[in-house]
Amino acid sequence: MSSERSNRKEQSVLRRLLGILLIVLGLAAAGLGVASATVWRESDSVVASAAPQGDGTLVVTDPGVLELIGPDVTVRATVPDGGTVSVAIGRDIDVEGWVGIDHSTQVTGLSDWTTLATSPVTPEIPAAPRARRPPCPASAQTPRAATCGSRRRPARAA
């Protein structure tokens, strides 16, 4: 009878110890889960920079580059001598028209988590339009010289 009683007592102690151990392990797992979601979590922000190429006066991003990482974006533009910087945002067609035939640096994406991928842009200068004949002077607007500016010669009176 005493051995049966001591067996029950040992089983009861083991159950309590096992219950306490499971509670401690559960609390430790919950604590590690909270820590991994807060303290050990990497930053949500990415800081990437680029140095303009060429004359460095214009930097243009491809459509969608600013939103590569997330919807909230902060753009910071600086110049070494503390000069004035202008930042403009627009549709790609409007930006192309504004930049025109100026040299620029195109930001095409991320080359790694701290560096923006860039390439220099040297635009093609459009060919000069063909020379056209000058318009007729006001004094030439007479019936006799009605063909001014054309290849035909005025008719002669007989």
Side-chain angles (χ1 to χ4, degrees), residues 9-141 146-152:
K9 206 174 198 182
E10 285 177 14
Q11 285 179 353
S12 174
V13 169
L14 284 176
R15 283 183 186 157
R16 285 185 184 158
L17 286 176
L18 184 61
I20 291 172
L21 179 65
L22 288 175
I23 288 172
V24 169
L25 287 175
L27 289 173
L32 290 173
V34 168
S36 69
T38 57
V39 178
W40 297 331
R41 183 178 179 185
E42 289 189 33
S43 174
D44 286 339
S45 61
V46 173
V47 177
S49 60
Q53 301 172 0
D55 67 3
T57 57
L58 293 172
V59 177
V60 179
T61 62
D62 279 347
V65 169
L66 292 178
E67 300 88 17
L68 275 175
I69 304 301
D72 297 329
V73 177
T74 301
V75 176
R76 187 177 67 170
T78 59
V79 289
D81 62 357
T84 303
V85 175
S86 297
V87 176
I89 297 176
R91 296 180 310 163
D92 56 343
I93 190 113
D94 294 333
V95 172
E96 287 175 16
W98 185 68
V99 171
I101 60 170
D102 291 338
H103 294 270
S104 63
T105 299
Q106 191 78 22
V107 178
T108 57
L110 288 171
S111 57
D112 58 45
W113 286 107
T114 59
T115 309
L116 293 167
T118 61
S119 62
V121 176
T122 306
E124 295 180 23
I125 299 175
R130 289 186 14 212
R132 295 173 54 194
R133 292 179 182 246
C136 296
S139 63
Q141 299 298 325
T147 57
C148 177
S150 69
R151 293 188 183 262
R152 294 186 302 155

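All values below come from the heavy atoms of this structure, side chains included, with hydrogens, waters and symmetry mates left out. Along the sequence shown, residues are numbered consecutively beginning with 1.
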Between [X] and [Y], which heavy-atom pair has the shortest distance, and what is it?
X    : Y    : result
S36  : G33  : OG-O, 2.9 Å
V95  : G90  : CG2-O, 3.8 Å
Q106 : V121 : CB-CG2, 3.6 Å

Less than 4.5 Å apart, any side-chain heavy atom of D62 and any of V107?
no
Mind checking whether L58 and W98 have side chains closer than 4.5 Å, heavy atoms only?
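Yes, close enough: below the 4.5 Å cut-off.
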Rounded to the nearest 0.5 Å, how far apart are [atom1] of [X] and [atom2] of [Y]?
X    : Y    : atom1 : atom2 : result
T61  : L116 : OG1   : CG    : 9.5 Å
L27  : L22  : CG    : CG    : 11.0 Å
I101 : T122 : CD1   : OG1   : 12.0 Å

Taking A117's backbone N and O only, do any of them form a donor-acceptor pair with T108's side chain (distance below 3.5 Å, no angle check)?
yes
Quick check: does any side chain N or O of D112 sit under 3.5 Å from a backbone N or O of T115, one acting as donor and the other as acceptor?
yes
Show me the pairs that pass side chain to side chain donor-acceptor pair (under 3.5 Å) and involve residues 9-28, at least two apart or across chains.
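Pairs touching residues 9-28 that pass the test: none.
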Are there over 12 heavy-atom neighbours, none belonging to L21, within less than 6.0 Å of that residue's CG?
yes
Can you confirm whether more than 12 heavy atoms, excluding those of L25, are under 6.0 Å from its CG atom?
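Atom CG in L25 is crowded, with more than 12 foreign heavy atoms closer than 6.0 Å.
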Show me the donor-acceptor pairs within less than 3.5 Å that the side chains of residues 67-84 make with the rest of the protein, sequence neighbours left out.
| unit_1 | atom_1 | unit_2 | atom_2 | d |
| --- | --- | --- | --- | --- |
| D81 | OD1 | G83 | N | 3.1 |

